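Take a look at the structure set out below.
Values in this document were obtained by computation on a predicted structure and should not be read as measured data. Numbering of residues begins at 1 and proceeds along the displayed sequence.
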Amino acid sequence: MYGQLIGLDGRAVLPWPNQLDIANQLTSLGRYVESAEAYEKLVRHYPTAPDVDQIHLLLGLIYARHLNQDAAAEPHLRSALTGIKNPNQRAQCLDWLTRLEQRRDQP
């Protein structure tokens with residue numbers, strides 16, 4: 001049904017928990033382009049939501065790992081880094097920022 005909604009109006013955004021559920025489900029199905037779009041809507045429409053840093057991290061990882069879009073990944077990872085408190089997630093974020101830098105530096 002979400003696909004039909006987006007087909008009718010690509011700008012449509014559900015309430016935070018519903019949009020998050022859709023984005024998570026799309027990710028679990030390996031539909032990374034669609035999940036990235038759904039997560040992007042979350043950070044655009046709910047920029048002050050409590051878990052927005054987590055969403056930025058997820059977006060950064062999806063763009064870097066699955067979509068090979070390093071330029072799209074980096075700002076999300078940098079944004080996540082400013083708010084994530086969990087040491088493991090911070091380490092993961094820093095690791096991916098380093099990887100992106102290394103990829104950028106490769107000829």
Side-chain angles (χ1 to χ4, degrees):
M1 290 175 60
Y2 179 75
Q4 291 174 342
L5 172 65
I6 298 306
L8 294 172
D9 182 359
R11 299 167 296 163
V13 180
L14 300 172
W16 173 269
N18 304 99
Q19 187 75 23
L20 181 59
D21 286 344
I22 293 291
N24 289 339
Q25 183 65 29
L26 289 167
T27 300
S28 72
L29 293 172
R31 295 170 60 181
Y32 298 113
V33 171
E34 293 148 305
S35 70
E37 290 170 358
Y39 286 129
E40 286 281 4
K41 289 179 180 187
L42 280 170
V43 298
R44 270 196 313 274
H45 288 87
Y46 303 103
T48 59
D51 296 334
V52 76
D53 297 317
Q54 303 290 326
I55 303 307
H56 280 292
L57 177 58
L58 285 169
L59 269 167
L61 295 175
I62 288 169
Y63 283 129
R65 282 183 180 163
H66 303 289
L67 300 178
N68 297 316
Q69 294 181 22
D70 293 357
E74 188 172 351
H76 287 292
L77 292 171
R78 291 200 184 286
S79 183
L81 194 58
T82 64
I84 288 183
K85 307 291 186 245
N86 179 295
N88 293 332
Q89 290 176 336
R90 286 187 64 78
Q92 183 179 34
C93 193
L94 286 167
D95 177 57
W96 274 97
L97 284 168
T98 301
R99 289 182 196 201
L100 295 180
E101 186 176 314
Q102 290 169 346
R103 285 194 236 192
R104 193 174 44 241
D105 292 342
Q106 289 178 352

One should read off an interatomic distance between Q89 CD and I84 CD1, to the nearest 0.5 angstrom, of 5.0 Å
What pair of heavy atoms forms the shortest contact from L57 to C93, and how long is it? CD1-CB, 4.0 Å
Distance, nearest 0.5 Å, that separates CG of D21 from CG of L26: 11.0 Å
Identify, with sequence neighbours excluded, every residue that meets salt bridge (charged side-chain N to carboxylate O under 4.0 Å, His left out) alongside R90. none
Locate the shortest heavy-atom distance separating K85 from T82; write the atom from each residue and the value. NZ-O, 4.4 Å
Between L81 and L58, is there shared hydrophobic-cluster membership here, with clusters defined by ILVMFWY side-chain heavy atoms closer than 4.5 Å? no
Walk me through whether Q92 and L61 qualify under side chain to side chain contact (heavy atoms under 4.5 Å, CB included). CA-CA 9 Å; Q92 183 179 34; L61 295 175; 3.7 Å; yes
With sequence neighbours excluded, tell me which residues meet ring pair (Phe, Tyr, Trp, His ring centres under 6.0 Å) with H76. H56, Y63
I62 and L94: same hydrophobic cluster, using ILVMFWY side-chain contacts below 4.5 Å? no
Keeping T27 on the side-chain end and A23 on the backbone end, is there a donor-acceptor pair under 3.5 Å? yes
Checking W16 against I55 for the side chain to side chain contact (heavy atoms under 4.5 Å, CB included) test, could you report, in this order, the C-alpha distance in whole Å, the side-chain angles of both residues, the deciding distance, and whether it holds? CA-CA 11 Å; W16 173 269; I55 303 307; 3.8 Å; yes
With sequence neighbours excluded, residues passing salt bridge (charged side-chain N to carboxylate O under 4.0 Å, His left out) with E74: R78, R104
Value for CD (E101) from CH2 (W96), rounded to nearest 0.5 Å, stands at 14.5 Å
What pairs of residues pass the salt bridge (Lys or Arg N to Asp or Glu O under 4.0 Å) test when at least one of them lies in residues 46-68, not counting sequence neighbours? none
Enter the distance from E37:CD to I22:CD1 here, rounded to the nearest 0.5 Å. 13.5 Å
Results of side chain to side chain contact (heavy atoms under 4.5 Å, CB included) for N18 - residues two or more places apart only: L14, P15
With side chain to side chain contact (heavy atoms under 4.5 Å, CB included) as the test, would you mind laying out the steps for Q25 and L29 before giving the verdict? CA-CA 6 Å; Q25 183 65 29; L29 293 172; 3.8 Å; yes
Using 0.5 Å steps for rounding, measure from the OG atom of S35 to the CG atom of N24. 9.0 Å
Would you list the pairs meeting ring pair (Phe, Tyr, Trp, His ring centres under 6.0 Å) in which at least one residue belongs to residues 20-39, sequence neighbours left out? Y32-H66
Specify the closest pair of heavy atoms between P47 and V52, including all atoms of both residues, with the distance to one decimal. O-CG1, 3.5 Å
